[in-house]
Engineer: 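I'd like to ask you about the structure that follows.
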Amino acid sequence: MALALYNSLTHQKEPFRPMRPDAVGIYACGPTVHDFAHIGNARMVVVFDLLVRVLRRAYKQVTYVRNITDVDDKIMDAAKRNGEGIAALTARTSAAFQQHMAALGAQAPDVQPRATEHIPEMIAMIQALIAKGHAYVTQNTVLFDVPFDPHYGQLSRQDRDGIVAGARVDVAAYKRDPTDFVLWKPSTPEQPGWDSPWGRGRPGWHIECSAMAEKYLGVTFDIHGGGQDLIFPHHENEIAQSTCAHDGAPLARTWVHNGFITVRGEKMAKSVGNVVSVSDLLAKHDGETIRLTLLSAHYRQGLDWTDEVIEQSKKALDRWYRAAGDAHAGAPDAQFLAALDDDLNTPQAIARLHGLADAALAGDAGAKAALKASAEVMGVLAKGGEAWFRGDAGGEGAEIEALIAQRAAAKKAKNFAEADRIRAVLDTRKIVLEDSANGTTWRRA
RNA sequence: GGCCAGGUGGCGGAGUGGCUACGCAGCGGCCUGCAAAGCCGUGUACACCGGUUCGAAUCCGGUCCUGGCCUCCA
């Protein structure tokens with residue numbers, strides 16, 4: 001079965017057909033590195049990581065570009081608050097981002113362009129837009145002329161009147177039309193800035209993605225995506241800039257947007273004070289558990305982040321590791337792959353993994369190998385069973401084995417009170433014992 | 001107000017015009033010295049009201065409710 005994806009541009013699920021037979025270009029809007037990544041950033045990363053893994057199985061050459069926005073007002077504010085230079089801040093936060101996403105099993109994109117390293121490309125695109133009459137200069141600011149673009153609003157299905165009517169922000173006086181948006185704006189001497197035909201300044205938010213996508217993927221490419229909040233205005237404006245700069249050539253053929261995460265039923269926001277950071281989660285949970293939780297709901301649905309859903313994912317992984325932890329990966333299961341091909345239907349794919357685990361636990365070696373291989377396509381079950389259940393702490397091992405031996409002796413002597421006491425002691429240390437015909441093994445809870 | 005998603009059993013969460021989703025929790029049992037793990041069995045679901053149909057939770061119309069976006073946002 002071939003891959004089908006829901007295209008937010010057409011509002012329907014479509015068979016995916018790349019522009020070239022063996023090569024796919026995909027661009028995802030990455031983080032603005034003003035702070036450490038939160039679980040919402042992570043969902044986008046994990047969803048697109050999975051999409052890229054699925055694409056790589058089907059196409060020889062997949063080019064995955066995910067940008068890093070390292071010039072932005074929030075970054076300037078954060079740097080000021082921390083008494084830290086902007087370069088130091090973005091170096092620190094983007095390094096942490098790489099680390100945290102790797103811990104979630106996300107492979108690095110092929111290209112991770114930074115906005116600050118592509119200023120000339122942005123200036124060139126802005127100049128082209130001015131030359132074609134799609135942008136105008138006023139007060140050292142360059143603005144995109146929205147009413148001049150008849151196709152504006154096709155992605156978000158908003159017309160100009162609706163945008164104006166719903167506006168929550170005061171319209172800057174220098175705009176010809178309330179919907180016009182900034183391509184370039186002046187910087188004060190203490191703000192980061194670059195020389196340009198319009199004076200020293202910095203780019204607007206949207207132009208970086210248009211310029212960098214063109215540089216690395218060409219004028220028109222296969223897939224563009226990000227969180228669904230980016231549909232408007234960010235992606236709408238990208239489409240406007242790119243298509244107008246490229247004489248009507250579309251920016252991307254398929255648009256993929258992932259849903260939002262709520263935290264215990266509430267919107268996750270700084271103002272609510274419930275932002276869940278990836279680094280905090282990694283301190284308490286294995287990256288695979290977090291990854292599976294992020295994939296436990298379909299990517300376009302909302303996902304409510306609670307301790308219960310994390311616990312469920314942990315239990316699922318325990319079971320799968322028990323069923324196939326040390327197996328050699330075989331070929332991934334066909335039903336599993338079909339579920340992913342169907343617009344990344346991870347809940348159905350996960351259901352299939354449970355079925356394979358049942359068969360594997362019943363002694364089916366083929367199911368065991370298929371479980372291992374299938375789960376690895378999803379980016380989980382990649383460790384050995386030993387590593388999963390016991391972790392790296394080797395120093396404790398000998399001591400635990402000694403206690404297990406003491407308990408075995410007590411059991412042999414029918415001294416069950418002593419045997420249970422030893423088990424209880426280990427239990428307080430979150431060590432669980434499992435007796436079987438072949439002896440006793442231990443694992444961390 | 002405009003645009004877009006949704007409302008499924010105690011919870012999480014797919015799907016479908018007629019056939020058990022799946023998982024977690026619960027309950028009963030097997031196994032076990034007792035547990036853990038594993039295994040077997042087990043329950044009430046498709047927001048509401050109409051309509052189409054042999055048959056709808058699934059299609060159509062209406063109602064109610066929830067969430068997101070409407071120039072900071074993954």
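Every chain is numbered from 1 and lettered A, B, ... according to where its sequence line falls, protein lines coming before strand lines.
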Engineer: So which nucleotide from B:C3, B:C24, B:G15 ends up closest to the side chain of A:Lys315?
Structural biologist: B:C24
Engineer: So, is A:Lys412 close to the B:G33 phosphate, meaning a side-chain N or O under 4.0 Å from OP1 or OP2?
Structural biologist: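 Checking B:G33 against A:Lys412, no side-chain N or O comes under 4.0 Å of OP1 or OP2.
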Engineer: Figure out the CG/P separation between A:Asp358 and B:C22, and round it to whole Å.
Structural biologist: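 Whole-Å distance recorded here is 10 Å.
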Engineer: Looking at A:Asp177, is its backbone amide N or carbonyl O close enough to the side chain of A:Asp180 to form a donor-acceptor pair, meaning the two atoms are under 3.5 Å apart?
Structural biologist: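 Answer holds: yes.
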Engineer: The side chain of A:Val309 lies closest to which of these nucleotides: B:G12, B:C34, B:G68?
Structural biologist: B:G12
Engineer: By the 4.0 Å heavy-atom rule, please label A:Gln312 as base, sugar-phosphate, or nothing.
Structural biologist: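 Touches a base.
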Engineer: Quick check on the 6.0 Å ring-centre criterion: do A:His235 and A:His257 meet it?
Structural biologist: yes
Engineer: Distance check needed: B:C72 P versus A:Asn237 CG, whole Å only.
Structural biologist: 11 Å
Engineer: Within a radius of less than 6.0 Å around CZ of A:Arg92, do more than 12 heavy atoms belonging to other residues, nucleotides or ligands occur?
Structural biologist: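 Buried by this count: over 12 neighbours within 6.0 Å.
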Engineer: Could you state the CG-C1' distance from A:Leu353 to B:G23, rounded to the nearest angstrom?
Structural biologist: 12 Å
Engineer: Which of these nucleotides, B:U71, B:A36, B:C22, is closest to any side-chain atom of A:Ile163?
Structural biologist: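 The answer is B:U71, which lies nearest to the side chain.
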Engineer: State whether A:His11 places a side-chain N or O below 4.0 Å from either non-bridging phosphate oxygen (OP1 or OP2) of B:A5.
Structural biologist: yes
Engineer: Base, sugar-phosphate or nothing for A:Ala316? Non-hydrogen atoms, less than 4.0 Å.
Structural biologist: nothing
Engineer: OP1 or OP2 of B:C73 sitting under 4.0 Å from any side-chain N/O of A:Trp205?
Structural biologist: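 Answer is yes, contact under 4.0 Å.
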Engineer: Within the 4.0 Å heavy-atom criterion, would you say A:Lys411 contacts the bases, only the backbone, or no part of the nucleic acid?
Structural biologist: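 Base contact.
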Engineer: Regarding A:Thr179, tell me which of base, sugar-phosphate or nothing describes its non-hydrogen contacts under 4.0 Å with the strands shown.
Structural biologist: base
Engineer: Would you classify A:Asp435 as touching base, sugar-phosphate or nothing, given that sugar-phosphate means primed atoms plus P, OP1 and OP2, and contacts are heavy atoms under 4.0 Å?
Structural biologist: base
Engineer: Under 4.0 angstrom, heavy atoms only, what part of the nucleic acid is A:Leu433 near: base, sugar-phosphate, or nothing?
Structural biologist: base
Engineer: Can you tell me how far P in B:G41 sits from the matching atom in B:A57, rounded to whole Å?
Structural biologist: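 About 29 Å, rounded to a whole number of Å.
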Engineer: Check every strand shown and say whether A:Ile261 touches a base, only sugar-phosphate, or nothing at a heavy-atom separation below 4.0 Å.
Structural biologist: base
Engineer: Using a heavy-atom cut-off of 4.0 Å across all strands, would you classify A:Phe232 as base, sugar-phosphate, or nothing?
Structural biologist: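 A:Phe232: backbone/sugar contact only, no base atoms under 4.0 Å.
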Engineer: What is the nucleic acid contact for A:Arg157, judged by heavy atoms within less than 4.0 Å: base, sugar-phosphate only, or nothing?
Structural biologist: sugar-phosphate
Engineer: Does some side-chain heavy atom of A:Trp205 sit less than 4.5 Å from a side-chain heavy atom of A:Val182?
Structural biologist: no
Engineer: For A:Asn345, which contact category applies under a 4.0 Å heavy-atom criterion: base, sugar-phosphate, or nothing?
Structural biologist: sugar-phosphate
Engineer: The side chain of A:His354 is closest to which nucleotide in this list: B:C22, B:C70, B:A14?
Structural biologist: B:C22
Engineer: Quick check on B:G38: is either OP1 or OP2 less than 4.0 Å from any side-chain nitrogen or oxygen of A:Arg322?
Structural biologist: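 Yes, such a contact exists.
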Engineer: What does B:C22 pair with, Watson-Crick or G-U, if both distances are under 3.5 Å?
Structural biologist: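 The base-pairing partner of B:C22, which may sit in any strand shown, is B:G12.
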Engineer: Looking at B:U71, which nucleotide sits across from it as a Watson-Crick or G-U wobble partner, both distances under 3.5 angstrom, or is there none?
Structural biologist: none
Engineer: With respect to the phosphate group of B:A74, does any side-chain polar atom (N or O) of A:Lys74 fall under 4.0 Å of OP1 or OP2?
Structural biologist: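 A:Lys74 to B:A74 OP1/OP2: no side-chain N or O under 4.0 Å.
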Engineer: Might you point out which heavy atoms bring A:Arg444 and A:Arg390 nearest each other, and give the distance in Å?
Structural biologist: NE-O, 2.7 Å
Engineer: Under 4.0 Å between any heavy atoms, over every strand shown, what does A:His298 touch: base, sugar-phosphate, or nothing? Just pick one.
Structural biologist: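 Sugar-phosphate, backbone atoms only, no base.
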Engineer: Looking at every strand, decide which applies to A:Pro31 at a 4.0 Å heavy-atom threshold: base, sugar-phosphate, or nothing.
Structural biologist: nothing
Engineer: Need the pair for B:G41. Rule: Watson-Crick or G-U wobble, both distances under 3.5 Å, any strand; none if unpaired.
Structural biologist: B:C27
Engineer: Just how far, in rounded Å, is C1' of B:G23 from CD1 of A:Ile350?
Structural biologist: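 It is 9 Å, rounded to the nearest whole Å.
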Engineer: Verify the stacking flag for A:Phe260 against B:G68: centroid separation must be under 5.5 angstrom and the ring planes must differ by under 30 degrees.
Structural biologist: no
Engineer: For A:His134 and A:Phe144, take the angle between the two ring planes, folded into 0 to 90°, and tell me which bin it lands in: parallel under 30, tilted 30 to 60, perpendicular over 60.
Structural biologist: parallel
Engineer: Students often get this wrong, so: under 4.0 angstrom with heavy atoms, is A:Arg66 touching a base, only sugar-phosphate, or nothing?
Structural biologist: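 Here A:Arg66 touches no strand at all.
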Engineer: Nearest whole Å is fine: how far is B:C4 P from A:Glu236 CD?
Structural biologist: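 Rounding to the nearest Å, CD of A:Glu236 and P of B:C4 are 13 Å apart.
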Engineer: A:Tyr136 side chain to A:Arg176 main-chain N or O, any donor-acceptor pair under 3.5 Å?
Structural biologist: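 Yes; judged by distance alone, with no hydrogens or angles, the pair exists.
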Engineer: Which part of the nucleic acid, if any, lies within contact of A:Gly40, taking any heavy atom under 4.0 Å across all strands shown: a base, the sugar-phosphate backbone alone, or nothing?
Structural biologist: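 Base, at least one base heavy atom under 4.0 Å.
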Engineer: Within this structure, what is the CG-to-P distance between A:Leu303 and B:A5, rounded to whole angstrom?
Structural biologist: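 Distance check: A:Leu303 CG to B:A5 P gives 20 Å.
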Engineer: For the pair made of CG in A:Asn67 and C1' in B:A74, what is the distance, rounded to whole Å?
Structural biologist: 12 Å
Engineer: Nearest of B:G13, B:A74, B:A35 to any side-chain atom of A:His38?
Structural biologist: B:A74
Engineer: Over 60° means perpendicular and under 30° means parallel, so tell me whether A:Phe389 and A:Tyr321 are parallel, tilted or perpendicular.
Structural biologist: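 Plane angle over 60°, so perpendicular.
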Engineer: Could you check how far CZ of A:Arg319 sits from P of B:C39, rounded to whole Å?
Structural biologist: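 Rounded to the whole Å, the gap is 5 Å.
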